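What follows is a set of notes on a single structure, which appears directly below.
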Amino acid sequence: MSSAGIGHRCVGFNIRRAAQAVTQYYDQHLQSTGLRISQFSLLIAISQNDEISISELGDKICKDQTTITRNIELLKKQGYITITRKENDARKKAICITEEGKKKLAEVMPLWENAQTHIEKELGPVRLEDLFKTLKTLEQLVK
């Protein structure tokens, strides 16, 4: 079998390509805030899960601990989060959003909403729901 036609059939290639394009789209919309979509996603998850651990955060957003740790350190340096030891288990770190982080989320949210609304409008509710179902099915299929 020729490898020439594999790219259009490869699920991994096509998902990575689409994910890269979507990431760049959101990053462009958020550029003025200094946050990337990956950092915004982390801040949202942290704001919704007080004192979350790095491993719990990784589970929530499906990222490995190395990637999480690198981005967490950036958010900490910017003053958007704090990292402390959990009271009930000193081996685990508790990540919390700061007031500065909440302000940053308030700044970013309208820009994210604009990007999100554009995608939702262009896809339409049926295609968007189908996309989410397909992605969820694919995720379960490969676990």
Side-chain angles (χ1 to χ4, degrees), residues 1-86 88-89 91-98 100-143:
M1 176 177 187
S2 167
S3 63
I6 290 178
H8 79 279
R9 291 184 45 230
C10 179
V11 174
F13 172 80
N14 284 285
I15 286 180
R16 289 184 62 85
R17 184 175 167 162
Q20 184 65 32
V22 171
T23 297
Q24 288 174 354
Y25 176 78
Y26 279 100
D27 283 349
Q28 288 170 356
H29 276 77
L30 306 184
Q31 188 173 17
S32 66
T33 69
L35 281 187
R36 300 176 67 90
I37 190 65
S38 56
Q39 296 163 332
F40 172 73
S41 299
L42 281 173
L43 267 185
I44 289 289
I46 294 165
S47 73
Q48 295 172 347
N49 299 277
D50 197 37
E51 294 192 0
I52 192 169
S53 71
I54 290 175
S55 60
E56 292 167 337
L57 191 55
D59 290 344
K60 286 218 176 283
I61 64 168
C62 298
K63 292 282 183 186
D64 63 272
Q65 208 162 357
T66 304
T67 302
I68 296 286
T69 302
R70 184 175 53 245
N71 281 298
I72 288 297
E73 286 303 319
L74 288 171
L75 294 174
K76 181 182 174 191
K77 283 180 187 174
Q78 293 168 320
Y80 302 146
I81 61 167
T82 59
I83 304 171
T84 57
R85 297 280 176 198
K86 282 198 171 194
N88 59 349
D89 187 349
R91 297 170 296 168
K92 291 189 177 181
K93 295 177 181 176
I95 306 166
C96 297
I97 193 165
T98 63
E100 203 57 37
K102 291 176 186 176
K103 288 178 191 173
K104 182 53 78 170
L105 277 181
E107 174 191 348
V108 176
M109 194 59 75
L111 300 173
W112 175 86
E113 276 290 345
N114 286 341
Q116 182 72 17
T117 299
H118 173 74
I119 291 171
E120 289 174 351
K121 180 182 173 198
E122 292 300 315
L123 283 178
V126 173
R127 286 176 60 198
L128 187 63
E129 187 61 33
D130 286 346
L131 173 63
F132 290 151
K133 284 179 185 176
T134 300
L135 291 172
K136 187 68 172 174
T137 300
L138 184 58
E139 183 182 343
Q140 292 168 348
L141 176 74
V142 297
K143 279 191 175 183

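Everything numeric here is computed off the predicted structure, so don't read it as measured data.
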Test salt bridge (charged side-chain N to carboxylate O under 4.0 Å, His left out) applied to [X] - qualifying residues, sequence neighbours left out:
X: K104; value: E107
X: K76; value: none
X: E73; value: none

| remark: Applying side chain to side chain donor-acceptor pair (under 3.5 Å) to S38 and not counting sequence neighbours gives none
| field | Under the side chain to side chain donor-acceptor pair (under 3.5 Å) test, residues paired with S55 that sit two or more places apart | value | S53
| task | Please report the C-alpha distance between C96 and I81 in whole Å, then the side-chain angles of each, then the deciding distance to 0.1 Å, and finally whether the side-chain contact (heavy atoms from CB on, under 4.5 Å) criterion is met. | result | CA-CA 5 Å; C96 297; I81 61 167; over 6 Å; no
| What pair of heavy atoms forms the shortest contact from L74 to Q39, and how long is it? | CD1-NE2, 3.5 Å
| query | What is the minimum heavy-atom distance between L43 and G101, and which atoms define it? | reply | CD1-O, 4.3 Å
| Listed once per pair and sorted, the ring-ring contact (aromatic ring centres under 6.0 Å, His included) pairs that draw on residues 53-74, sequence neighbours left out | none
| said: Do I72 and I46 have side chains that approach each other closer than 4.5 Å (heavy atoms only, starting at C-beta)? | reply: yes
| query | Would you say I95 and T84 make side-chain contact, with heavy atoms under 4.5 Å? | reply | no
| field | From CA spacing to verdict: side-chain contact (heavy atoms from CB on, under 4.5 Å), L75, Q78 | value | CA-CA 5 Å; L75 294 174; Q78 293 168 320; 3.9 Å; yes
| request: Report the distance from atom OH of Y80 to atom OG of S47, rounding to the nearest 0.5 Å. | output: 14.5 Å
| message | Working to the nearest 0.5 angstrom, can you tell me the gap between L123 CG and H118 NE2? | response | 9.0 Å
| Would I61 and I68 count as a side-chain contact (heavy atoms from CB on, under 4.5 Å) if you check the C-alpha gap in whole Å, the side-chain angles of each, and the deciding distance to 0.1 Å? | CA-CA 9 Å; I61 64 168; I68 296 286; 3.4 Å; yes
| message | Give me each pair satisfying salt bridge (charged side-chain N to carboxylate O under 4.0 Å, His left out) with a member in residues 114-124, each pair once, sequence neighbours excluded. | response | none
| query | salt bridge (charged side-chain N to carboxylate O under 4.0 Å, His left out): which pairs involve residues 51-61, sequence neighbours left out? | reply | E56-K86
Show every donor-acceptor pair shorter than 3.5 Å between a side-chain atom in residues 26-34 and any protein atom, with sequence neighbours excluded, or say none if there are none.
unit_1: Y26; atom_1: OH; unit_2: Q116; atom_2: OE1; d: 2.3
unit_1: D27; atom_1: OD1; unit_2: I37; atom_2: N; d: 2.7
unit_1: D27; atom_1: OD2; unit_2: R36; atom_2: NH2; d: 3.1
unit_1: H29; atom_1: ND1; unit_2: Y25; atom_2: O; d: 3.0
unit_1: T33; atom_1: OG1; unit_2: L30; atom_2: O; d: 2.6
unit_1: T33; atom_1: OG1; unit_2: L35; atom_2: N; d: 3.2

| field | side-chain contact (heavy atoms from CB on, under 4.5 Å) involving K102 - partner list, sequence neighbours excluded | value | I97, E99
Donor-acceptor pairs under 3.5 angstrom involving side-chain atoms of residues 131-143: please list them, not counting sequence neighbours.
unit_1: T134; atom_1: OG1; unit_2: D130; atom_2: O; d: 2.9
unit_1: T137; atom_1: OG1; unit_2: K133; atom_2: O; d: 2.9

| task | Name all pairs fulfilling the side chain to side chain donor-acceptor pair (under 3.5 Å) condition that reach into residues 62-71, sequence neighbours left out, sorted by first residue then second. | result | D64-T67
